[in-house]
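Structure first, then comments.
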Amino acid sequence: MPPATILDVGGATGVHARWLAADGYSVTLVDPVVEHVEKAAAVGMFAAVVGDARQLDQADDSVDVTLLLGPLYHLTRGSGPARGCWPRLPG
């Protein structure tokens, strides 16, 4: 049994999913870019599927951890990027 089941949302070609799977975690990568998912799937260590972070197919409570390392700026509300996702940095 793996130490945890991980959903890597916006995981691109699997930069994080790869090392997590190598460490024994059960990982499913979700990305909207077909080419990214194809490259991730070719690694063969984890599941990789095309999907949208705004409407995931995974059931509630079906994973132990969800990674969302960067794709929040792609999510939109209305006609532009979502505001308030990140704290405003000085400068």
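Count residues from 1 along the sequence.
Using a 4.5 Å cut-off on side-chain heavy atoms (C-beta onward), Thr5 and Thr28 make no contact.
The cluster map of Ile, Leu, Val, Met, Phe, Trp and Tyr, joined by side-chain heavy atoms under 4.5 Å apart, puts Val15 and Val33 in different clusters.
Between Ala48 and Ala41, the shortest heavy-atom contact is CB-N, 3.8 Å. Residues Pro3 and Gly24 come closest through the heavy atom pair CD-O, 3.1 Å. Here the closest heavy-atom approach between residue Met45 and residue Arg18 is recorded as CE-O, 3.4 Å.
Of the residues listed (Leu67, Asp52, Leu56, Leu69), the one engaging Val9 in a side-chain contact (heavy atoms from CB on, under 4.5 Å) is Leu56, and it is the only one.
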Given side-chain contact (heavy atoms from CB on, under 4.5 Å), test Val65 with Leu7 step by step and report yes or no. CA-CA 6 Å; Val65 176; Leu7 182 64; over 6 Å; no

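Applying the side chain to side chain contact (heavy atoms under 4.5 Å, CB included) rule to Ala17 yields the partners Asp8, Val27, Leu29, Phe46; only residues at least two apart in sequence or on another chain are considered. Scored by the side chain to side chain contact (heavy atoms under 4.5 Å, CB included) test, Ala12 finds Asp31, His36 as partners (sequence neighbours excluded).
Contacts classified as side chain to side chain donor-acceptor pair (under 3.5 Å) and involving residues 55-66 (residues at least two apart or in different chains) are not found.
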